[in-house]
Visitor: 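Quick one: the structure is below, questions incoming.
All heavy atoms count here, side chains included; hydrogens, waters and symmetry mates do not. We're numbering straight along the sequence, starting at 1.
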Amino acid sequence: MKAWMETRWRLLGLVVFLLIALAVDHRNLSGAGVLTATWFMLTFLAILLGGSGVNSQAPLGAAEGVAGSTQFTISLPVTRLRLFAVRVVAGLVETAGVTVVTAVFLWALFPALRELTAPADFAMLVLTTVLFLIAPYCAHVFFSAWCDEPFSIAYAGFLLILLLLFCHRLSPGVDILRAFGDASPLQTHQLPWTQLAASLTVALSLACTALLVIRRREY
């Protein structure tokens with residue numbers, strides 16, 4: 001509940017911005033470029049929501065106050081592992097929820113998308129997006145264990161770009177970006193298993209490292 005109280009305004013603001021962007025782009029009946037634009041916006045959403053490790057997030061940059069402070073959060077009668085897990089899962093559920101709602105609006109607003117894409121392929125693309133967004137989310141979780149916003153947001157974005165470029169050069173099998181290109185469910189009619197495995201491995205590594213830092217750090 002505390003995580004929701006801290007993230008609800010930034011979540012609402014981003015959702016409104018996303019829906020306005022979709023409504024404006026609705027005039028483009030072909031839907032060209034809408035999936036790419038939506039992907040970028042959802043990635044930013046995941047990064048923005050990913051600061052809820054044990055650090056309290058002040059809504060819209062306002063002062064935290066005593067009850068909203070990080071010190072108050074870690075003083076709650078739970079272990080840091082449980083606190084970290086609950087807050088990370090809460091943020092991931094928020095991210096997944098917005099992604100699914102956005103997908104429903106995309107399917108409803110763009111007839112060309114419905115005509116050119118099978119429902120099963122589009123559903124697999126949504127699932128691929130939800131699983132991919134765990135990586136940018138955990139990138140911010142990682143940096144939130146070291147520093148405060150807005151620096152953690154900038155560092156997370158920079159790290160994500162480096163990781164995507166590294167995987168792109170390493171091998172097509174682990175090229176995460178291919179999951180939305182040549183290996184996309186819209187092209188292959190199946191989930192990009194190897195790319196998703198690479199993305200989830202990166203996310204798990206970042207989350208575990210953040211947890212180690214949080215359990216040992218004195219706030």
Visitor: Report whether M41 and V104 are members of the same hydrophobic cluster (ILVMFWY, side-chain heavy atoms less than 4.5 Å apart, transitive linking).
Guide: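 M41 and V104: separate clusters.
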Visitor: Could you list the donor-acceptor pairs under 3.5 angstrom formed by side chains in residues 157-173, with sequence neighbours left out?
Guide:
residue, atom, partner, partner atom, Å
H168, ND1, D175, OD2, 2.7
S171, OG, G173, N, 3.2

Visitor: What are the two closest non-hydrogen atoms of A96 and V130, and how far apart are they?
Guide: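 Closest approach of A96 to V130: CB-CG1, 3.9 Å.
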Visitor: What pair of heavy atoms forms the shortest contact from T117 to D121, and how long is it?
Guide: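 The answer is CG2-CB, 4.3 Å.
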Visitor: With distance as the sole test, does S199 use its side chain to make a donor-acceptor pair with the main-chain N or O of Q195 at under 3.5 Å?
Guide: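 No, the answer is negative, given that no donor and acceptor are paired below the 3.5 Å cut-off.
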Visitor: So, do F122 and L106 sit near enough that their side-chain heavy atoms are less than 4.5 Å apart?
Guide: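 SC-SC contact between F122 and L106 confirmed.
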Visitor: Under a 3.5 Å distance rule, please check whether Y137 uses its side chain to pair with a backbone N or O of V88 as donor and acceptor.
Guide: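 The answer is yes, because a donor-acceptor pair under 3.5 Å joins these two groups.
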Visitor: Taking the side chain as every heavy atom from C-beta outward, state whether L125 and F180 have any atom pair closer than 4.5 Å.
Guide: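 Of all side-chain heavy-atom pairs linking F180 with L125, at least one is under 4.5 Å.
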Visitor: Compare all side-chain heavy atoms of P185 with those of T128 and state whether any distance is below 4.5 angstrom.
Guide: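 A side-chain contact exists here, since the closest heavy-atom pair is under 4.5 Å.
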Visitor: If hydrophobic clusters are built by linking Ile, Leu, Val, Met, Phe, Trp and Tyr wherever their side-chain heavy atoms come under 4.5 Å apart, do L206 and W146 end up in the same one?
Guide: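 Result: yes, single cluster for both.
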Visitor: So do the side chains of L35 and L186 get within less than 4.5 Å of each other, counting heavy atoms only?
Guide: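 Sidechains of L186 and L35: in contact.
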Visitor: Atom CZ of R82 and atom CZ of R87: how far apart are they, to the nearest 0.5 Å?
Guide: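 Interatomic distance, R82 CZ to R87 CZ, rounded to 0.5 Å: 14.0 Å.
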Visitor: Could you tell me if the side chain of L45 sits less than 4.5 Å from the side chain of L42, heavy atoms only?
Guide: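 Result yes, sub-4.5 Å side-chain heavy-atom pair found.
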Visitor: Are the side chains of T194 and V174 in contact, using a 4.5 Å heavy-atom criterion?
Guide: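 Sidechains of T194 and V174: no contact.
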Visitor: Spell out, as yes or no, whether a donor-acceptor pair under 3.5 Å connects the side chain of S144 to the backbone of V141.
Guide: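 Yes: the side chain of S144 pairs with the backbone of V141.
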Visitor: Flag the pair W107 / P119 as yes when at least one side-chain heavy-atom distance between them is below 4.5 Å, and no otherwise.
Guide: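 A side-chain contact exists here, since the closest heavy-atom pair is under 4.5 Å.
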Visitor: Quick check: closest heavy atoms across P111 and L109, and the distance to 0.1 Å?
Guide: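 Heavy atoms only, the tightest pair is CD-O, 3.3 Å.
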Visitor: Would a single hydrophobic cluster contain both I214 and L81, if residues Ile, Leu, Val, Met, Phe, Trp and Tyr are joined by side-chain heavy-atom contacts under 4.5 Å?
Guide: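 Linked within one cluster.
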Visitor: Atom SG of C138 and atom CD1 of I47: how far apart are they, to the nearest 0.5 Å?
Guide: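 The distance works out to 11.5 Å.
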Visitor: Suppose we call two aromatic rings close when their centres sit under 6.0 Å apart. Are F142 and Y155 close by that rule?
Guide: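 No, the ring centres sit 6.0 Å or more apart.
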Visitor: Please tell me whether V89 and L204 are part of a single hydrophobic cluster in this structure, the criterion being side-chain heavy atoms less than 4.5 Å apart.
Guide: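 No; L204 is not reachable from V89 via cluster members.
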Visitor: Decide if the gap between the ring center of W39 and the ring center of F132 is smaller than 6.0 angstrom.
Guide: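 Ring-ring flag for W39/F132: true, centres closer than 6.0 Å.
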Visitor: For V126 versus A103, what's the shortest heavy-atom pair and its separation?
Guide: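 Looking at all heavy atoms of both residues, the shortest contact is CG2-CB, 3.4 Å.
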Visitor: Verify the cluster assignment for L212 and V202: are they in a single hydrophobic cluster under the rule of side-chain heavy atoms below 4.5 Å apart?
Guide: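 L212 and V202: separate clusters.
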Visitor: Side chain to side chain contact (heavy atoms under 4.5 Å, CB included) for I153 and H140? Distances and angles first, verdict last.
Guide: CA-CA 6 Å; I153 295 176; H140 192 191; 3.4 Å; yes
Visitor: Applying side-chain contact (heavy atoms from CB on, under 4.5 Å) between L196 and each of L131, T201, I176, L127, report the one that passes.
Guide: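 So the option named by the test is L131.
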